[in-house]
Amino acid sequence: MESTRKKILVIEDDKDIRDTIVYILEEENYDILASEDSKILKSIDKHKPDLVLLDNWLTDWKSDANGQQLSKELKTNPATQHIPVIIISAVSNIKEIAEAGMADGYLRKPFDLAELVDIVKKHIK
């Protein structure tokens with residue numbers, strides 16, 4: 001039987017932050033697919049997430065792209081534009097970065113765990 005739980009793709013290079021996000025959202029009964037880099041986006045059509053939580057600065061990034069550019073790619077691709085994208089970052093201009101990346105929302109680090117749950121619930125119907 002197909003799971004009715006919503007699937008969230010978490011892309012965060014900081015292991016502690018990634019593990020915390022996974023733990024909190026699994027407690028909220030979401031299926032979590034976590035990755036330390038954006039290579040997983042190459043197979044996004046296979047995973048079919050209901051939401052993407054995307055770190056803006058991935059330290060092992062192999063190109064010049066960042067979360068803002070990845071978000072924009074997802075939002076301008078007809079196959080993935082319906083998937084809500086939340087950019088996570090500690091930068092002060094996160095709102096502008098999220099808007100420029102066409103993201104559906106943003107979460108500023110360090111974030112409150114309740115904030116994390118709230119923004120996920122807001123974007124997953």
Side-chain angles (χ1 to χ4, degrees):
M1 189 174 111
E2 188 71 17
S3 171
T4 55
R5 288 168 39 154
K6 298 291 186 178
K7 185 185 291 181
I8 300 173
L9 174 57
V10 177
I11 303 173
E12 167 62 68
D13 59 348
D14 183 304
K15 184 182 182 328
D16 293 336
I17 295 173
R18 188 173 63 245
D19 289 350
T20 301
I21 292 172
V22 168
Y23 177 79
I24 296 303
L25 295 179
E26 282 179 341
E27 287 291 302
E28 293 291 321
N29 219 22
Y30 294 109
D31 284 333
I32 308 300
L33 185 61
S35 176
E36 66 182 352
D37 60 51
S38 64
K39 291 186 197 88
I40 195 159
L41 290 174
K42 289 182 174 71
S43 57
I44 194 165
D45 51 337
K46 183 178 88 183
H47 299 298
K48 295 182 177 36
D50 296 292
L51 178 81
V52 177
L53 285 172
L54 180 61
D55 184 15
N56 192 51
W57 295 113
L58 298 163
T59 50
D60 71 330
W61 198 238
K62 303 293 187 274
S63 73
D64 293 329
N66 56 32
Q68 174 184 317
Q69 290 154 309
L70 292 169
S71 174
K72 196 166 191 171
E73 282 176 32
L74 291 171
K75 298 313 268 181
T76 55
N77 179 339
T80 55
Q81 65 187 18
H82 65 283
I83 303 169
V85 176
I86 308 298
I87 292 182
I88 305 171
S89 182
V91 296
S92 58
N93 63 334
I94 179 74
K95 184 174 190 282
E96 291 80 10
I97 286 172
E99 286 170 359
M102 302 168 68
D104 297 271
Y106 61 90
L107 188 59
R108 190 184 311 273
K109 292 179 192 171
F111 52 84
D112 183 74
L113 300 180
E115 278 180 282
L116 170 66
V117 172
D118 287 347
I119 198 164
V120 166
K121 285 183 175 168
K122 178 178 160 190
H123 292 283
I124 288 190
K125 302 294 179 255

How far apart are the closest heavy atoms of [X] and [Y], and which atoms are they?
X: Ile86; Y: Leu107; value: CG2-N, 4.1 Å
X: Ala100; Y: Lys72; value: O-CD, 3.7 Å
X: Gly101; Y: Ser71; value: O-OG, 2.7 Å
X: Gly67; Y: Leu54; value: O-CD2, 3.3 Å
X: Ile87; Y: Ala98; value: CD1-CA, 4.0 Å
X: Ile119; Y: Tyr106; value: CD1-O, 3.1 Å

Within the 4.5 Å heavy-atom criterion, are [X] and [Y] side-chain neighbours or not?
X: Leu116; Y: Asp112; result: no
X: Glu36; Y: Glu12; result: no
X: Gln81; Y: Thr76; result: no

Short N-O contact, [X] and [Y], less than 4.0 angstrom:
X: Lys122; Y: Asp118; result: no
X: Lys75; Y: Asp104; result: yes
X: Arg5; Y: Glu26; result: no
X: Glu115; Y: Arg108; result: no

* Residue from Ile88, Ile8, Ile32, Asp14 passing side chain to side chain contact (heavy atoms under 4.5 Å, CB included) with Ile21 -> Ile88
* Structure fact -> Only residue of Leu41, Leu33, Leu53 satisfying side chain to side chain contact (heavy atoms under 4.5 Å, CB included) with Ile11 is Leu41
Hphob cluster co-occupancy, [X] + [Y], side-chain heavy atoms under 4.5 angstrom:
X: Val85; Y: Ile44; value: yes
X: Phe111; Y: Ile124; value: yes
X: Ile17; Y: Trp57; value: no
X: Tyr30; Y: Val10; value: yes

Sidechain-backbone polar pair: [X] side chain, [Y] backbone, donor-acceptor under 3.5 Å:
X: Lys46; Y: Ser43; value: no
X: Asn66; Y: Gln69; value: yes
X: Asp50; Y: Lys7; value: yes

* **Evaluation steps, side chain to side chain contact (heavy atoms under 4.5 Å, CB included), between Ile83 and Leu74** => CA-CA 8 Å; Ile83 303 169; Leu74 291 171; 5.8 Å; no
* Step by step, work out the side chain to side chain contact (heavy atoms under 4.5 Å, CB included) result for Leu51 and Val120. => CA-CA 8 Å; Leu51 178 81; Val120 166; 3.8 Å; yes
* To do: Determine, stepwise, if the pair Lys6 / Glu28 fulfils salt bridge (charged side-chain N to carboxylate O under 4.0 Å, His left out).
  => CA-CA 10 Å; Lys6 298 291 186 178; Glu28 293 291 321; over 6 Å; no
* Structure fact -> Rounded to the nearest 0.5 Å, the CD atom of Gln68 sits from the OG atom of Ser89 at a distance of 10.0 Å
